[in-house]
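Dumping the structure here so I can ask a few things about it.
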Protein chains: 2
Amino acid sequence: MARRNDHSREQLQDMALLASESIISRDGIAGLSTRKVASEIGYSAGTLYQVFNNFDDLILQLNSRTLSRLQSQLKQAKQPSAIATVISYGHTYLKFAQQQPELWHLLFEHRAANPDHKPEHLLTNIDSLFDLVKQELLGLKPLATDTDVTVAAHSLWCGVHGIAVLMLKNKLLNNSQHSAQQALDCLLNNFIQGWINQGENHA
Amino acid sequence: MARRNDHSREQLQDMALLASESIISRDGIAGLSTRKVASEIGYSAGTLYQVFNNFDDLILQLNSRTLSRLQSQLKQAKQPSAIATVISYGHTYLKFAQQQPELWHLLFEHRAANPDHKPEHLLTNIDSLFDLVKQELLGLKPLATDTDVTVAAHSLWCGVHGIAVLMLKNKLLNNSQHSAQQALDCLLNNFIQGWINQGENHA
DNA sequence: AATAGTAATTGAACGGCGTTTAATTGGCAA
DNA sequence: TTGCCAATTAAACGCCGTTCAATTACTATT
């Protein structure tokens, strides 16, 4: 066979990414392979290389999609007050990780063999996630310097991320979902309290 | 060849684990393979299966070693005061992750295809790590319930872990080591402050 | 309408992987 | 010395990502 013109390049790419997501949620990350994706969309493995540079590129584009979804969910989690918003962000992040653990975990596997051209949009998206938190932390302590707020946002969000990571590993006690929620609230409460108090001291 | 009796079972196992660590720090986690380990110790791949159930078992034993090293470093980081100890633990943990990133990262890759028999000693070791933190947090707030201290220890340590994770991904700004240190201190300070303050409120 | 050219698609191949197993053969006990 | 046992190996199996020559459907030109 050759040149079937059944699907445009964009269609092919979309079908492949969709199939990949389906395979991942069915068989896990380890179950994803070029051959499986290809057969699922009715093409041979080689054809994928017209749409993706390689397997890592496919994963990169998967991650880009996942990040976009996460981003939109976070934006919808905005609340009236700053404290409520930060807490809501945390819960949303944790829920996202719980509901699509494989796709979420794929975001942080370092498969990048060729770090030639960093995936700009990915990093941009991540930065914009941090910015969401930054704004709320600034709202809690308006007199803080931009550096302080940046560091605090990174710090807090890495903490939230860490809870999600270890929760998914079942290495957080046994009854994972409940204790993860508890740990998250504990982290958020203590951090926010510390953040506000130090603001009162310094500013 | 057969029955060379060059090495005992234990020697073989030790040689394999040592070679694996060397390969990982040279070629990364992705560069580790049974064939490579075998050839590095002068045996064929099949021989490894007399000492390990499978590849995951090898990794499990690698992780056990890594955890032991981490544990001993943390124990040495103990300081006179509780606050200083918690901070010192955090720095030690971050330094450990920085100095042997691949082995440390391997601790948290979920390759376990067969979750039949959980690696008990691994979980035991992890729990004992949390216990170290718990003791210090209890020292900071003696009237807290055991549940509260447990949740707080999990929460704080997951936060520290999250900073280490994202630091290693270079997704924490660009100048990783410096900003990771900053973020860690920020997290520790704010959390500890929050933990102490809420103690004064409640107890 | 016929033809030539282009490019999409494929199947086979390559080297690598974890794992299994029949065959081999050193070491040990009788 | 013989015979058994078990450690070791090479080959094979079915996967994997990736490449590439060959095929052939489409397109533009005549």
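Heavy-atom basis, side chains included; hydrogens, waters and symmetry copies ignored. Residue numbers start from 1 in every chain, and the chains themselves are labelled A, B, ... in the order their sequence lines are given, proteins ahead of strands. Because the structure is a prediction, the values reported are computed rather than measured.
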Tell me the interatomic distance from B:M15, atom CE, to D:dT8, atom C1', rounded to whole angstroms.
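Nearest whole value for this atom pair: 14 Å.
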Whole Å only: how far is the CD atom of B:E10 from the P atom of D:dA7?
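Taking CD of B:E10 and P of D:dA7, I get 14 Å after rounding.
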Please classify the nucleic acid contact of A:L58 as base, sugar-phosphate, or nothing, using heavy-atom distances under 4.0 Å.
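No contact.
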Which nucleotide wins on minimum distance to the side chain of A:S44, given the candidates C:dT10, D:dC26, D:dA10?
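Between C:dT10, D:dC26, D:dA10, the one nearest the side chain of A:S44 would be C:dT10.
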Quick one, A:L67 and A:L129 - any side-chain contact, counting heavy atoms below 4.5 Å?
yes
Using OP1 and OP2 only, check whether a side-chain N or O of A:R4 sits under 4.0 Å from C:dT10.
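True: A:R4 side-chain N/O within range (under 4.0 Å) of C:dT10 OP1/OP2.
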Which nucleotide wins on minimum distance to the side chain of B:R9, given the candidates D:dA7, D:dT8, C:dA8?
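From the listed options, D:dA7 comes nearest.
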Can you tell me how far C1' of D:dA7 sits from CD1 of B:I41, to the nearest Å?
13 Å
Taking the side chain as C-beta and beyond, is there a heavy-atom pair between A:N53 and A:L60 under 4.5 Å?
no
Between atom CG in A:L12 and atom C1' in C:dA8, what is the gap in whole Å?
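That distance rounds to 10 Å.
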Result block: side-chain N/O donor-acceptor pairs under 3.5 angstrom for residues 42-51 of chain B, not counting sequence neighbours:
from, atom 1, to, atom 2, distance (Å)
B:Y43, OH, B:R4, NH2, 3.3
B:Y43, OH, B:H7, ND1, 2.9

Between the side chains of B:K36 and B:D27, is the shortest nitrogen-to-carboxylate-oxygen separation below 4.0 Å, so that they form an ion pair?
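A salt bridge links B:D27 with B:K36.
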Main chain of B:S64, side chain of B:S68: is a donor-acceptor contact present, judged purely on distance under 3.5 Å?
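The answer is yes, because a donor-acceptor pair under 3.5 Å joins these two groups.
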Measure from CG on A:D6 to C1' on C:dT10 and round the result to the nearest Å.
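Going from A:D6 (CG) to C:dT10 (C1'), I get 14 Å.
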Nearest-Å distance for atom pair CD/P, residues A:Q50 and D:dA25
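Atom-to-atom, A:Q50 to D:dA25, this comes out as 17 Å.
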Measure all distances between protein nitrogen or oxygen atoms and nitrogen or oxygen atoms of nucleotides 16-19 of chain D, and list the pairs falling under 3.5 Å.
from, atom 1, to, atom 2, distance (Å)
D:dC16, OP1, A:S33, OG, 2.9
D:dG17, OP1, A:T34, N, 3.1
D:dG17, OP2, A:T34, N, 2.9
D:dG17, OP2, A:T34, OG1, 2.7
D:dG17, N7, A:R35, NH1, 2.4
D:dG17, O6, A:R35, NH2, 2.8
D:dT18, OP2, A:Y49, OH, 2.6
D:dT18, OP2, A:F55, N, 2.7
D:dT18, O5', A:Y49, OH, 3.1

In whole Å, what is the span from the CD atom of B:Q13 to the P atom of D:dT8?
14 Å
Write down the distance between CG (B:L48) and C1' (C:dT19), rounded to a whole number of angstrom.
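After rounding, the reported distance stands at 11 Å.
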Taking all heavy atoms of B:S88 and all of B:A77, pick out the closest pair and write down the distance.
OG-O, 2.8 Å
Is the shortest side-chain heavy-atom distance between A:H91 and A:D185 below 4.5 Å?
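SC-SC contact between A:H91 and A:D185 confirmed.
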